[in-house]
Structures are given as C-alpha cells and as structure tokens.
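Given the structure is predicted, the values throughout are model-derived calculations rather than measurements.
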Amino acid sequence: MKRILLSIAILFGACAFAQEKKSDTVKTKSIEGITLTKQVFKKQSDRFVYDVAASPVAKGNTTFDLLKQTPLLSSTDDKSLKIAGKNNAIIYINGRKTNMDADSLVQFLKNTPAENIQKIEVITVPGSEYQVESSDGIINIILKKKMSDGLNGNMRMSNTQNKYNSSQASVSANYRKDKLGISASVSGGQNIEPQTYTLKNGTSTTSNESVGDVDDPNKNIGGYLNIDYQLNDKSNLALSYNTWTNKSDNSTVDLFNTIKTEKETKYTWSKNRENTKSYNNSLNLNYELKTDSLGSKLNLNAAYLNYRRFQNIDNQTFMSNADRDVMDRTTQIKQNLPQIINNFSGMVDYIQKFKNDLTISVGGNYNKTKTDNDSKNITFSYIPLLAPDPRPNHFIYDENIYGAYITIEKKLSDKLSGKVGARYEITNSLGTSDNAPTEELKRIERNYNNFLPYLSANYAINDKNNISYSFSSRMRRPSFWELNPVRNILTDANYTQNNPFVKASSTYNQELTYMYRNSYFLILNHSYIQDVITQVPLQGYPVSPSGKVGENPVLRYIRTNFGNKQEMSAMLGLQKNFFKQYWTTNFNIGIQHNINNGSLDTDPTTGDRFKNEKGDYIVYSNKTKSTSLLIQTNNTIRLDKKKTWFFGVNYFYVDKQQIELGSLKSLMSLDLSIKKLWNDWTFAVNANDILNTNVIKIEDQQDNGNYNYIHQNRYNRNVMVSVTYNFGNQKVKKVRDIEGASDAIKSRTR
C-alpha cells in the first residue's frame, strides 16, 4: 500500500526544482578532499564547496536538515533532496555512496547529527568517472578529519509531532589507534506517516471520486560498521557493512468512492490493509594502493548487496450509501508481492597524476543483478458470488552491466583548466515469467550499448570572477520495482501498473555557471530527455486486443516511456554573512521552463486501448509548456555574543508548472527554529510548514473531456524537539575515505 501511494505521490516527479523522480543508481569514484580557507562557499573546478565548519548552521542540526539549508539544495517533501536544475540528488559520504535504499537513507540522514561534517560538495554535472543516471547530480558529504588517537562520538534523540507523534534516536562512535580506524553507528525510530488523499477522474458524462485517509506506521533500525587498516605507508585495506530494516504493520488506506454515470450514482468503500517488511544489507571490501607521491593510486572493490522486501495486501470493497455507511462486501483482493534482489559487483579505478598538472583516470566495472518477484494475486467476488480468480506471476529479472571510462583533466594555465572524458556501457538483461497473462510477457530480452561523452572547462577570470561550462550525456535505467509487472490496487477502478517493457531513457545536459566573489552565482541549465520514464493515466472503458470491451470504466496509472521533455532553468543566488556573522543567509531565485511532448493510447502490458461512452478511442496527451518561479532562502540569526543562541528562518516557494501528469499547483513552506548550545549539549526546537501550504495538488484536463485531479496532504506541518550530546576525544580521525563497488545498483532497489 505504501508503494501504491508513493507511486501516485511521485507522479509529478521530473521537474528540477520541486518534483521527485525515481532515480537509478550511480557508481562511486573517490572524491578528493579540497583544502578550504575561511571562504564558506566556493566554486572549484566541477563542484561547489560549502564549508560547514566555518558556518554556524551545523550545530544541533541533523545531516538532512543541514543539507536542506545548503546553497543549491532543496526539499519540498522532507524525503528527497534536489539540486537546482537537477531531478535528483545522489548522496555520497566521504566519496562513497551509501548502500541504502531511499527510505532507509532518509531515516539515516535524519538520525545523524551534523556536528562531524566538515564540508559539503555539490557536483551539478558529474564527470565520466561517475556512473550517474539521467540528469542526477552528486552531494558529497565530507566528514571532519581529526589528528589524534582515541574515541569520540555523539548521541541524539528527537521527538516530532504532526497528526501523530514520532521519535528517533541515534548513537555513533569513531575509534582511532595507530593504523586502525573503526567507525560505527546505530539509529532507529518509529513513526506513523499520515496522509489525506483525494483522487478525482472522469469524462464529460462520468466521474469517480475517492476521498480518505492513509496511515502508514513504521519502525526502523539500522547502522553501519567500517573497519579500515593501514597495511603500510602506501596501501590500505577496508571492510564496510551497512544494514537497515523497516517494518510497517497494519498500514491502512480507507477511501470513500463516489461513482457517477449517466444512469446512476454508486457509493463504495475501499479498505486496504498492508503489512510490509524490508531488509537491506551490503558488504564492501576495498583495497587502495598509492603508486607515487603525486597522489596517483589504484582502487579495487568487491561488493555484495542483498535487498528483501515482503509485502502483503488485503484490499476489500464494500457497498455504501450517501451517508457513508459500510454495507455488504463486494470484492476482496489478496496480494503477496515479495521482491528479492542479489547483486555482485566489482570495480577497478586507476588515477595517474603528472607533474605538469595533468591527471588521467581509467577504470571499469561489472554488475550482476538478479531480482526474484514471486507475486500472488487472488480475487474473491461476493456480489455476484464467483469462484476465486487466482493470478500468480513469478517474474525473474537478470541483468549484467559492463562499463569502462577514461577522463583527462588538465590545468592549461593559472586561470584555465579543462576535463574531457567518456564512458562506455554494455547492458544485457532478461526478464522471464512462468505464468504471464500474455506471450510477450513470458520472455523480455534487452541488450543495448551506450557511449556517454563528457566535457567541462573552468576559467578563473580573476580572484573575484569565475566562469565554467559542462556538457554530459547520461542514461537512466528503470528501477527494479518499475520492471516488476504487478498491479498495486487502490480501489476497484484505480490502480498503478508497473511495466517490464520500460526501456532506458537518455539525457543530454548542459550547464553554464558564473561565480562572483565566492558569494554570488548564476547557473543556466538545459536538459533534453528522450523516452522519459514516468507514470501517466489511461482511463475509460478498456478494450482488449481481441475486441472485448470492459463493463466499467477504470483508471490505470501506467509506468512507461512517455515521449521527450526539455527542462531549462536559470538560477541566481548568494551565500553570505552580514553584521559580523550575526546573520548568515543563502538566497536563491530561479525560473524553470518545461516543454513536455508525450502521448499514450495503449496499455503496454496488456495491449488494451480505451474508449469513452461514445465509442471513440482515447489518447492521453501532454504537449504543453510552462514557466515557473522558485524562491528559496535559509537564514540563521545569532542572538547573543557568546554564540549559544540561534534563530532560524527558512522559506521556499515553487510556482505551478506543467509536468507529465498535468499541472502541479504551487508549493510553499515557512519553517522556524531556535537552538541553544550548552557545553557539549545542543537543544533545538523546529516548527516546519507553519502555514500548512506544502500540499500537493495536480490537475489535468484533456481536450477529449477526460480529467484527472490529485490532492495529497502529507501533514508536513510539525514541531520537532531534539537533544544532541557529543562525547569523547573530539580529535579522532578516520584513516581514509572508502568507495564501494555495488553503488551502481543499490538505488534501483527502491
């Protein structure tokens, strides 16, 4: 059920400033630490660098809260992070992407104190050494490096109140002794994610409205363990383990449905009950060898990733009346939707540095992934009474990815530097189904090769002015859950449909950046996306390939490739301190222009087409343009000379814009906070979305009379109280940064 509502909630994804699109994974490449002076915000080569240690923002915040206040970054749903001009932000920690799925990663960032962060790097257009997807950017979180042996750590507890109460807690520790470094963290919590939900759709003569509440309780626990040993002055060996478990028992969706036709008005109740458990475990072995004094090195990685998700859904429909009484049960659909993913990965990288400011990087990777989806689906009809209709589907998906890259980076003069590169990827996949409803679904084989060039140039005009340009070509593979051909049922007439025929999309990105005095910046971005992967609605009376017409109209949200899209943006911003650092602010204002060009008239998983009451075939089309405005500001005000009291004011506004599903109405949020520092303790109170304006509204009106409307309130207005305590020797450091081999796969487990 959570996947059902999540799928619908992200239908508006794919716009750069406010929407969330399911992203696929990236592969890591070691990101070198950069020595900063007192400059808080700076443009360096292919990235922006935010020196958190020189800013008062970090103290008492979580890592997620800190990222939301980082220049160029934003979050409108309190679950995902976006880079200005990007659809999605991929999170790295010390140059290594975390081995967690999306939900686990968000909980981890929200439970991790920000005190140990040195700086945050924002890479808007990653180079060829990164196996990023689509127009994704990278957020690299660099932890503080300390100088002496010993033990240190921190503990954090928080409590949040919106419609329900939730609590979180975490403990992390670092130990350093001679050549051995150990870091570990355990965090967890429990919460109930509430929603009020409205779905309206129909034609000129019929309509279907579903209104109700969603409550999704969650309990989660997880952590990581990193053991790093320095074999000698030139080589290191490390073992990393990540784990996360989430349990959601008795998640509920209760929707009251009003179905109107030319003949009658009918009322029903849809009551869904779901139990879900997910487990994410990954292990990575890393060996690093420094080959010279200039910084040349060899990196070898081998990794194993295991992801398991078990989902049981009981969907029941009851007759009702205008008074919303629950009457006789008409249908019951029981679903068992497990997914098991196993991945073995290997990666080799070699970086050769020369004395004449020339760096050449080469590498390769191999990923082998198998997903097992043994779905069970059985329908019971009571009015009229029919025999049970079982429709099991055992879908197995095997994928092999081979990749190689080369990048050449050269400093041509004191002012001019450049970087060129290319990545070549080979993807072979096979999906098989034991009992698919059609012959086409029993065996789906896809083999494709991709050549992905990259180019960037950076010119430092003088000490105050810097200009850079980047171009990259990327692809996006569908997530594993998107390929699993199951239906996630919301009501009798509405469901989402995944699609094993979805193919990879291609994205071409260009970006021009101007920076002034390391405080003011202008970013111009253009992205062209072919074969956009998204979810679009098909509605009407379904007509099978044999010509049989369905008795009742339905609405199917189909995961598919939906035409092409262009995204153009211009953002102007600043990051600066005023009044002797009493006021720290970052401010962004931007314009986003979207051009959508897609249409769909056939369900690709069944071959069904759709007719209206007149018998005409229906096409869903979105060939529209929109221009929207973004405003975002984050402010920290110091209230005393001793730097112990701070007041925060954060605000964002995203204007309405056209996306694949329709017109997304404007979003806005005003957040206030206050915190007190006392010795090693930090006490904080945050009030989020105090105006209750961060509510999703999507509306679409087709020329043929079909319309679709979604309203989703996720109760973003809340108050959170937190306490953080730092203990031990605060000068402990990690031995080094470690990269992982399975990073190119893990995000696709979402």
Side-chain angles (χ1 to χ4, degrees), residues 17-20 50 52 55-84 89 106-107 109-114 117 120 139 156 158-168 191 193-195 573-576 582-590 629-639 645-655 665-677 682-696 712-724:
F17 290 148
Q19 284 63 60
E20 175 185 29
Y50 182 39
V52 177
S55 170
V57 178
K59 198 73 173 178
N61 268 332
T62 68
T63 300
F64 191 85
D65 290 334
L66 179 62
L67 291 174
K68 289 198 299 182
Q69 299 184 56
T70 298
L72 299 179
L73 304 184
S74 63
S75 176
T76 60
D77 58 5
D78 205 38
K79 290 185 177 181
S80 60
L81 292 158
K82 292 90 180 174
I83 300 175
V106 169
Q107 294 300 324
L109 294 176
K110 288 184 176 181
N111 288 330
T112 302
I117 296 178
I120 297 171
I139 301 172
R156 186 178 189 275
S158 67
N159 189 272
T160 304
Q161 182 69 48
N162 52 17
K163 183 179 180 180
Y164 300 105
N165 189 268
S166 62
S167 58
Q168 300 83 32
N191 68 295
E193 296 181 2
Q195 296 179 37
L574 69 89
Q575 162 65 40
K576 199 169 180 62
Y582 270 87
W583 176 28
T584 300
T585 183
N586 71 69
F587 176 83
N588 302 325
I589 183 169
L629 175 70
L630 165 74
I631 300 174
Q632 178 180 339
T633 181
N634 300 303
N635 303 271
T636 300
I637 302 170
R638 177 158 55 94
L639 301 178
W645 284 95
F646 294 89
F647 180 67
V649 181
N650 301 327
Y651 172 82
F652 77 79
Y653 171 79
V654 181
D655 199 4
K665 305 305 179 183
S666 61
L667 299 170
M668 181 175 69
S669 180
L670 174 64
D671 308 331
L672 304 177
S673 66
I674 189 167
K675 64 181 175 182
K676 166 67 175 176
L677 310 184
T682 302
F683 304 89
V685 179
N686 295 70
N688 300 311
D689 192 22
I690 62 175
L691 302 178
N692 198 28
T693 51
N694 191 8
V695 179
I696 295 172
Q712 186 183 35
N713 183 358
R714 297 162 298 184
Y715 293 88
N716 290 310
R717 181 163 62 179
N718 63 71
V719 175
M720 181 178 70
V721 179
S722 64
V723 179
T724 305

In chain order, what residues pass the salt bridge (Lys or Arg N to Asp or Glu O under 4.0 Å) check against K665, with sequence neighbours excluded?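 K665 satisfies salt bridge (Lys or Arg N to Asp or Glu O under 4.0 Å) with E699 once adjacent residues are dropped.
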With heavy-atom distances below 4.5 Å as the criterion, would you say the side chains of [X] and [Y] are in contact?
{"X": "L677", "Y": "F646", "result": "yes"}
{"X": "L73", "Y": "I83", "result": "yes"}
{"X": "V685", "Y": "V719", "result": "yes"}
{"X": "R156", "Y": "S158", "result": "yes"}
{"X": "D65", "Y": "M720", "result": "yes"}
{"X": "I120", "Y": "L66", "result": "yes"}
{"X": "L672", "Y": "V649", "result": "yes"}

Can you see which heavy atom on [X] is nearest to which on [Y], and at what distance?
{"X": "T160", "Y": "Q168", "result": "OG1-OE1, 4.0 Å"}
{"X": "Q712", "Y": "V695", "result": "O-CG1, 3.4 Å"}
{"X": "F647", "Y": "S673", "result": "CD1-O, 3.1 Å"}
{"X": "D689", "Y": "M668", "result": "OD1-O, 3.7 Å"}

Does NZ or CZ of K676 fall inside the cone over F683's six-membered ring, less than 6.0 Å from its centre and within 45° of the axis?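 Because its charged atom misses either the 6.0 Å distance or the 45° angle limit, K676 does not stack over F683.
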Exactly one of Q575, R638, Q69, K576 should register a side-chain contact (heavy atoms from CB on, under 4.5 Å) with T584. Which one does?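 For T584, the side-chain contact (heavy atoms from CB on, under 4.5 Å) test succeeds with only one of Q575, R638, Q69, K576, which is Q575.
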Return the [atom1] to [atom2] distance between [X] and [Y], rounded to the nearest 0.5 Å.
{"X": "I674", "Y": "L639", "atom1": "CD1", "atom2": "CG", "value": "6.0 Å"}
{"X": "L630", "Y": "D655", "atom1": "CG", "atom2": "CG", "value": "10.0 Å"}
{"X": "N650", "Y": "N586", "atom1": "CG", "atom2": "CG", "value": "8.0 Å"}
{"X": "N694", "Y": "L667", "atom1": "CG", "atom2": "CG", "value": "5.5 Å"}
{"X": "D671", "Y": "I690", "atom1": "CG", "atom2": "CD1", "value": "8.0 Å"}
{"X": "Y651", "Y": "N634", "atom1": "OH", "atom2": "CG", "value": "12.5 Å"}

Do any N or O atoms from the side chain of T682 and from the backbone of T724 form a donor-acceptor pair under 3.5 angstrom?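 It does not hold such a pair.
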Determine yes or no for a side-chain-to-main-chain donor-acceptor pair under 3.5 angstrom, with N162 supplying the side chain and Y715 the backbone.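 Yes, because the side chain of N162 sits within donor-acceptor range (under 3.5 Å) of the backbone of Y715.
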May I have the step-by-step check of side chain to side chain contact (heavy atoms under 4.5 Å, CB included) for R717 and T693, ending in yes or no? CA-CA 9 Å; R717 181 163 62 179; T693 51; over 6 Å; no
Would you say the side chains of N635 and T585 form a donor-acceptor pair under 3.5 Å?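 Yes, T585 and N635 have a side-chain donor paired with an acceptor closer than 3.5 Å.
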Partner set under ring pair (Phe, Tyr, Trp, His ring centres under 6.0 Å) for W645, not counting sequence neighbours: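 W645: no ring pair (Phe, Tyr, Trp, His ring centres under 6.0 Å) contacts found.
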N165 and N159: side chain to side chain donor-acceptor pair (under 3.5 Å), yes or no, with the steps? CA-CA 7 Å; N165 189 268; N159 189 272; 2.7 Å; yes
